[in-house]
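Step one of this worksheet: look at the structure below.
Atoms considered below: every heavy atom in the structure, side chains included; atoms not considered: hydrogens, waters and symmetry mates. Because the structure is predicted, anything quoted here is derived from the model rather than measured. FYI, the numbering just counts along the sequence from 1.
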Amino acid sequence: MTKEADAGAGVDEAHAWDARLGWAFGLRADDPAERAAALVRLADVQGNVRDTLGRFNELWRLRLPLGGQAQWRDPAFLQAHEMYVEAGRYTLPNALWNRPPGDIRTWQGLSHALLFLGWGARYPQEWARHAKEWGTKQSLIRDVAVADHGETVGTKLTDLVEIVVQRACRCKDCEYLRVARAIDSEDLRGRLETAARSEKMVCNPLFGSPLCVDEAQ
């Protein structure tokens with residue numbers, strides 16, 4: 001494949017992500033009405049996931065006596081699994097699972113991964129109520145903790161670190177230490193120093209913090 005064709009495929013894939021999940025950016029909107037509408041949409045697509053998973057589990061139980069290999073040769077069983085996977089591509093966090101190997105900086109799902117993390121940082125209670133996945137949060141933070149991001153992504157990651165140290169500590173927030181180290185800059189250090197001098201810093205995963213609120217429950 002030529003570089004031009006490869007770039008074109010990347011653009012197509014980015015458009016596909018936006019077509020499936022463009023609505024999800026409303027989850028971190030400042031406007032409560034926009035967030036509420038996005039949450040309604042999220043509940044709808046998550047309902048589709050639950051329905052397809054229920055069908056898959058039903059077929060799994062019915063075909064359990066056949067054994068593992070025989071189950072996966074059953075066309076109906078395979079179709080049920082494919083429908084479950086496809087439904088997950090339209091919702092969060094499912095769409096972020098099983099990221100293909102390779103450089104996350106070129107992954108077309110990166111903007112939606114940052115959306116998922118940003119939603120959790122800005123509106124942690126809504127995130128925990130509707131899409132709490134600590135393992136997904138942890139793996140995404142670790143994946144984005146690499147140097148040499150583009151300017152836009154670097155700014156978003158800097159914003160995330162700044163937000164996290166100025167709100168109540170949540171489970172896996174300590175993973176943002178990796179991000180801070182990877183994207184270290186004068187801008188980030190300046191923001192952290194400003195936060196440290198203010199009364200806003202209630203949690204500092206970069207220098208140690210008390211038990212996270214979610215872990216204590």
Side-chain angles (χ1 to χ4, degrees), residues 6-7 10-11 13-14 17-18 21-22 24-30 35 92-128 131-215:
D6 189 47
V11 170
E13 186 179 352
W17 273 90
D18 289 338
L21 289 160
F25 286 96
L27 294 168
R28 68 176 185 197
D30 295 330
R35 286 206 316 281
L92 296 175
N94 305 54
L96 303 173
W97 297 343
N98 302 316
R99 181 175 74 84
D103 190 341
I104 194 169
R105 292 167 295 190
T106 62
W107 180 42
Q108 299 302 327
L110 177 56
S111 63
H112 291 83
L114 295 176
L115 157 65
F116 183 72
L117 295 176
W119 176 31
R122 292 178 183 276
Y123 304 104
Q125 293 182 341
E126 290 182 4
W127 181 91
K132 180 172 66 177
E133 284 286 348
W134 301 124
T136 302
K137 174 182 176 180
Q138 176 178 271
S139 63
L140 288 176
I141 295 174
R142 290 182 176 183
D143 284 350
V144 300
V146 294
D148 301 323
H149 282 287
E151 181 178 354
T152 299
V153 173
T155 298
K156 289 181 179 180
L157 291 173
T158 300
D159 291 344
L160 269 174
V161 174
E162 182 182 25
I163 291 169
V164 165
V165 301
Q166 295 184 94
R167 64 164 174 79
C169 186
R170 313 291 292 190
C171 183
K172 306 303 181 184
D173 276 355
C174 58
E175 297 292 345
Y176 280 103
L177 174 59
R178 300 171 183 265
V179 178
R181 286 173 172 168
I183 65 170
D184 185 27
S185 67
E186 291 185 8
D187 179 30
L188 176 59
R189 293 188 182 197
R191 295 197 203 187
L192 293 178
E193 289 175 4
T194 299
R197 290 195 300 267
S198 73
E199 297 179 354
K200 293 182 178 180
M201 182 174 281
V202 295
C203 166
N204 193 337
L206 308 186
F207 302 103
S209 62
L211 188 66
C212 291
V213 293
D214 299 283
E215 293 173 340

Margin query: Can you classify the ring geometry of W134 versus W127 as parallel (below 30°), tilted (30 to 60°) or perpendicular (above 60°)?
Written below: tilted

Next item on the list: Kindly check if the number of other-residue, nucleotide or ligand heavy atoms within 6.0 Å of CG (D30) is above 12?
Entry: no

Check: If we only count heavy atoms from C-beta on, is the I163 to Q166 side-chain gap below 4.5 Å?
Finding: no

Next item on the list: Take E175 and R178 through the salt bridge (charged side-chain N to carboxylate O under 4.0 Å, His left out) test and state the conclusion after the steps.
Entry: CA-CA 6 Å; E175 297 292 345; R178 300 171 183 265; 2.7 Å; yes

Next item on the list: Keeping the roles fixed (side chain from K156, backbone from S111), state whether a donor-acceptor pair exists under 3.5 Å.
Entry: no

Item checked: Side-chain heavy-atom pair L157, L160 within 4.5 angstrom cut-off -> yes

Note to self: Looking at A121, is its backbone amide N or carbonyl O close enough to the side chain of R167 to form a donor-acceptor pair, meaning the two atoms are under 3.5 Å apart?
What the structure shows: yes

Notebook entry, point to check: Within the distance-only criterion (no hydrogens, no angle test), does the side chain of H112 pair as donor or acceptor with the backbone N or O of L92 below 3.5 angstrom?
Noted result: no

Margin query: For R105, run the side chain to side chain contact (heavy atoms under 4.5 Å, CB included) check against V153, V146, D143 and tell me which one passes.
Written below: V146

Margin query: To the nearest 0.5 Å, what is the distance between CG on L188 and CZ on R181?
Written below: 12.5 Å

Check: Hey, does D173 have a side-chain heavy atom less than 4.5 Å from the side chain of V165?
Finding: no

Item checked: Nearest-0.5 Å distance, CD of residue E186 to CD of residue E193 -> 10.0 Å

Next item on the list: Report the distance from atom CD of E133 to atom CZ of F116, rounding to the nearest 0.5 Å.
Entry: 6.5 Å

Check: Which pair of heavy atoms, one from W119 and one from A131, lies closest together, and at what distance?
Finding: CZ3-CB, 3.6 Å

Check: Which atom names give the shortest non-hydrogen contact between T136 and P93, and what distance separates them?
Finding: CG2-CB, 4.1 Å

Check: What's the shortest heavy-atom distance between R28 and R122, and which atoms?
Finding: O-CD, 4.3 Å

Next item on the list: Would you please name every residue forming a side chain to side chain donor-acceptor pair (under 3.5 Å) with N98, sequence neighbours left out?
Entry: none

Checklist line | Rounded distance [0.5 Å steps], CZ in F25 versus CG in D18 | finding: 6.5 Å

Item checked: Nearest heavy-atom neighbours spanning G109 and L96 -> O-CD2, 4.2 Å

Item checked: Closest non-hydrogen atom pair, W107 against A113 -> CZ3-CB, 4.0 Å

Next item on the list: Can you establish whether the number of heavy atoms outside R189 located under 6.0 Å from its atom CZ is more than 12?
Entry: no

Checklist line | E162 backbone acceptor or donor facing Y176 side chain under 3.5 Å | finding: no

Notebook entry, point to check: Between G154 and H149, which heavy-atom pair has the shortest distance, and what is it?
Noted result: N-CB, 4.1 Å

Next item on the list: Report the distance from atom CG of L177 to atom CD1 of I141, rounding to the nearest 0.5 Å.
Entry: 11.0 Å

Next item on the list: Enter the distance from L21:CG to L27:CG here, rounded to the nearest 0.5 Å.
Entry: 9.5 Å

